[in-house]
Amino acid sequence: MTVLRLARSELKRMTGGLLPKLTILALTMVPLLYGAVYLYANWNPYGNLNQIDAALVMEDAGAATSDGVRLQAGQKVADSLVEGHVFNWQPVQSAAEADQGVSEGKYAFALKIPRDFSSNLASPGSFDSASQAMLNVTTNDANNYLLSTIVDKLTTAVHASVAKEVGAETANQLLTGFGTIHTQMAKAADGAGTLADGVARLRDGAAGLHQGTGQLEAGAAELYDGQVKLRDGAAQLASGAGQLSGGLAQLKDKTAGLPADSQRLSDGAAQVAAGNAALNTKVQDVVGQLQAADDGLRARVQESNARLVAAGVLTQDQAAKVLADFDSAAASGPVTDARAKIRADAAQIQQLADGSAAVSAAGAELAAAAPALSGAISTASSGADRLSAGATTLAAGQQAALDGAAALSEGARKLDDGAARLETGAGTAADGSRTLATELSKGAGKVPNPDQAQKSNLSGVMSDPVAVSNVSQAKAGSYGAGLAPFFLTLALWIGVFMLVQAMRPVTQRALASNAPAWKIAVGGWLPFLAVSAVQASLLTLVVNVGLGLNPAHPMLMWLFLLAAAAAFSAIIQGVVALLGSPGKLVVLILLVLQLVSSGGTFPWQTTPQPLHVVHQILPMGYVVNGMRHLVYGADLSMIPSTVAGLLGYTLLGVVLSTLAVRKHKFWTLKTLKPEIAV
């Protein structure tokens with residue numbers, strides 16, 4: 001018995017009457033009922049959202065902008081929503097009425113634009129009162145859970161649109177402000193330059209002032225030193241004037257009797273002069289007498305010597321020597337000494353007489369001048385008193401002048417210190433003002449000054465700074481096309497699973513034959529393969545033509561589904577053949593595990609970790625992934641390996657079926673009368 005004969009025999013049995021034919025036809029249509037009908041119902045749900053009633057409450061009162069234009073952002077949003085026809089918007093007068101309608105199910109949800117919507121949108125123009133504009137949404141998951149997600153996307157889109165528009169306006173105002181700042185900074189830079197020039201002149205003037213105050217301080221110091229000397233001199237003058245005044249007072253007292261005394265002096269001096277003159281005359285007479293006596297005595301000695309020489313008593317030399325001895329003795333003898341003394345006394349007496357005469361004459365003159373001298377001394381004493389008083393006043397004034405000079409010197413020093421600080425500060429101010437002017441000029445150059453076209457472009461970029469360039473390597477055309485790979489795969493598994501309800505995995509007739517186990521196993525699988533291939537073909541045809549799936553690789557998609565049908569039918573037929581009726585429960589469990597782990601809706605990586613292992617082991621996840629690549633036109637490099645994997649699953653199913661044949665070739669009582677009929 002060949003494999004094909006076994007398969008043909010089973011197919012002939014299943015189509016032997018009208019009811020079996022209808023059963024096979026119904027089983028063939030199962031994937032269509034599950035997959036195609038579900039995809040049809042959900043092919044483009046977002047395109048029919050306009051059938052959903054939604055409450056729209058517009059309470060915005062508008063607001064005036066900084067340029068005087070009336071902002072009616074809330075009304076603009078409401079109008080754009082109504083014109084967009086995304087939902088069937090129903091205008092409602094109040095938020096309470098809208099919330100009540102959502103609660104009762106009259107409205108799927110409510111979108112409320114509050115009264116301060118426009119005013120809050122315009123608030124960023126004032127830095128101290130900026131507020132967010134709110135869009136209030138009321139949903140009720142009892143109406144539909146997914147509707148909340150859809151509404152979130154809608155409100156996000158409305159938010160992005162309004163934010164972009166308002167952001168563009170705000171950015172335009174900001175850029176306009178930048179232009180104003182640029183202009184004002186340029187003016188400030190010019191003013192700072194003028195200020196820098198003025199401060200530079202101030203610095204030069206401060207330097208000159210400092211030089212002058214330095215000279216003033218030096219002069220004040222010299223003035224102080226001079227004032228100290230003047231004060232000391234004035235003090236000395238006052239002291240000397242006092243002493244002079246005292247001395248002149250004493251002189252005045254002492255010279256009060258000067259005229260009488262001078263007269264008496266003159267008279268006494270005249271008398272002394274007369275007495276001295278008489279005395280001198282007498283002394284001259286005595287000197288004459290002594291000279292005459294001496295001269296007579298020498299003459300007698302000469303005469304005696306002459307007589308003695310003549311007598312021969314003495315020689316001439318001896319006579320000359322005697323005369324010389326006489327002269328010598330006379331020169332040093334008492335007489336000579338007395339005569340010399342008398343002459344000296346006579347000279348002194350003469351001098352005294354002359355002096356007395358002079359004194360007498362001076363005394364007379366003094367006596368004559370004494371009254372005038374006494375008056376002058378009296379006048380000088382009075383002047384000395386006044387001089388002493390003036391000197392005392394001068395000393396006191398000079399002390400005040402000294403104190404003033406000290407204050408002037410200290411003030412000059414402080415003024416010089418202040419001038420030095422002023423010079424330093426003026427220098428710093430000059431440098432700072434020049435730096436200010438330079439930096440303001442640089443800053444003005446860095447502050448944007450966009451023209452109208454630049455502001456329009458920049459405000460657009462600033463309000464929507466991030467643009468997403470979507471490069472879709474493979475894209476589903478619709479919501480239904482996005483679900484198609486998963487639901488086609490799922491429908492194919494369910495369709496094959498339904499076949500075991502009416503088709504026998506292995507016939508008793510085949511088990512009773514002498515055919516090899518593998519032939520019996522393959523012969524039992526081929527009818528499942530044939531029907532599942534028809535299911536896959538019909539499913540492909542209806543989805544592509546009827547629903548307009550338009551896969552990127554329609555022929556490869558059909559062949560891939562046939563490979564999936566072979567794998568699914570082999571596994572399901574093998575499991576049920578090996579386990580019997582419990583195998584149907586195992587197949588159902590495998591369906592559930594693959595339903596949650598294949599990544600048909602959410603990525604399989606988001607499932608719990610244990611399901612990751614299930615995804616790696618069972619075939620449905622690979623089929624879903626391969627279908628996506630074939631339907632959307634993605635990279636096909638993984639298709640050969642996936643097909644090879646499906647062939648491996650097919651071989652696994654055949655192995656399970658072969659094991660089942662070997663198991664069931666040995667009949668037991670339980671085999672003849674099973675607990676649960678297959």
Side-chain angles (χ1 to χ4, degrees), residues 1-35 491-541 558-559 561-581 583-584 586-588 590-591 619 623 646-647 649-665 674 677-678:
M1 179 177 291
T2 64
V3 173
L4 294 177
R5 287 183 61 186
L6 287 173
R8 187 169 58 249
S9 174
E10 181 61 18
L11 288 173
K12 191 173 183 180
R13 182 192 68 78
M14 290 188 299
T15 58
L18 178 60
L19 186 57
K21 288 183 176 65
L22 293 176
T23 300
I24 293 299
L25 179 60
L27 292 174
T28 305
M29 301 296 291
V30 166
L32 290 177
L33 293 174
Y34 182 79
L492 193 59
W493 182 278
I494 294 175
V496 176
F497 175 65
M498 294 301 298
L499 292 180
V500 298
Q501 310 303 321
M503 297 174 61
R504 293 180 294 185
V506 180
T507 64
Q508 296 296 330
R509 179 183 176 188
L511 290 174
S513 69
N514 293 325
W518 70 270
K519 287 187 177 182
I520 297 173
V522 174
W525 165 61
L526 286 178
F528 285 86
L529 175 61
V531 177
S532 63
V534 174
Q535 290 175 334
S537 300
L538 286 176
L539 186 60
T540 302
L541 180 64
W558 173 59
L559 294 175
L561 271 182
L562 291 180
F568 291 172
S569 61
I571 291 175
I572 294 174
Q573 185 265 345
V575 170
V576 176
L578 182 62
L579 302 178
S581 294
K584 296 178 182 179
V586 172
V587 172
L588 182 60
L590 292 176
L591 172 63
V623 176
L646 293 177
L647 293 178
Y649 285 115
T650 302
L651 181 59
L652 175 62
V654 173
V655 170
L656 293 176
S657 182
T658 302
L659 293 176
V661 171
R662 289 183 178 179
K663 175 182 176 182
H664 294 302
K665 268 188 172 291
V678 180

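The analysis underlying the following values was restricted to heavy atoms, covering all of them including side chains, and did not include hydrogens, waters or symmetry mates. Treat the numbers as computed from the prediction; the structure is a model and nothing was measured.
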> So, for Phe568 and Pro619, which heavy atoms are closest and what is the spacing to 0.1 Å?
Replying inline: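 Smallest interatomic distance, heavy atoms only, reads CE2-CG, 3.9 Å.
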**Report entry** Shortest non-hydrogen separation from Thr650 to Ala566 and the atoms involved
**Finding:**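 Closest heavy-atom pair between Thr650 and Ala566: OG1-C, 3.6 Å.
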Quick one: [atom1] on [X] to [atom2] on [Y], what's the gap to the nearest 0.5 Å?
| X | Y | atom1 | atom2 | value |
| --- | --- | --- | --- | --- |
| Ile572 | Phe528 | CD1 | CZ | 9.0 Å |
| Ile571 | Leu590 | CD1 | CG | 8.0 Å |
| Leu651 | Leu646 | CG | CG | 12.5 Å |

For [X], enumerate each residue passing the side-chain contact (heavy atoms from CB on, under 4.5 Å) test, keeping only those at least two apart in sequence or located in another chain.
| X | answer |
| --- | --- |
| Val534 | Thr28, Leu538 |
| Ala536 | Leu492, Leu561, Leu562, Ala565 |
| Leu579 | Val575, Val586 |
| Leu541 | Val545 |

**Request:** Go through the steps for Trp493 and Val623 under the test side chain to side chain contact (heavy atoms under 4.5 Å, CB included), then give the verdict.
**Result:** CA-CA 11 Å; Trp493 182 278; Val623 176; over 6 Å; no
* To do: Only counting residues at least two apart or in another chain, list the ones meeting side chain to side chain donor-acceptor pair (under 3.5 Å) with Ser657.
  =>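 Ser657 satisfies side chain to side chain donor-acceptor pair (under 3.5 Å) with Gln573 only.
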Is any side-chain heavy atom of Val587 closer than 4.5 Å to one of Val500?
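Side chain of Val500 against side chain of Val587, heavy atoms only: no contact under 4.5 Å found.
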Name the residue from Ile494, Leu499, Thr540 that meets the side-chain contact (heavy atoms from CB on, under 4.5 Å) definition with Gln535.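 Answer after filtering Ile494, Leu499, Thr540: Leu499.
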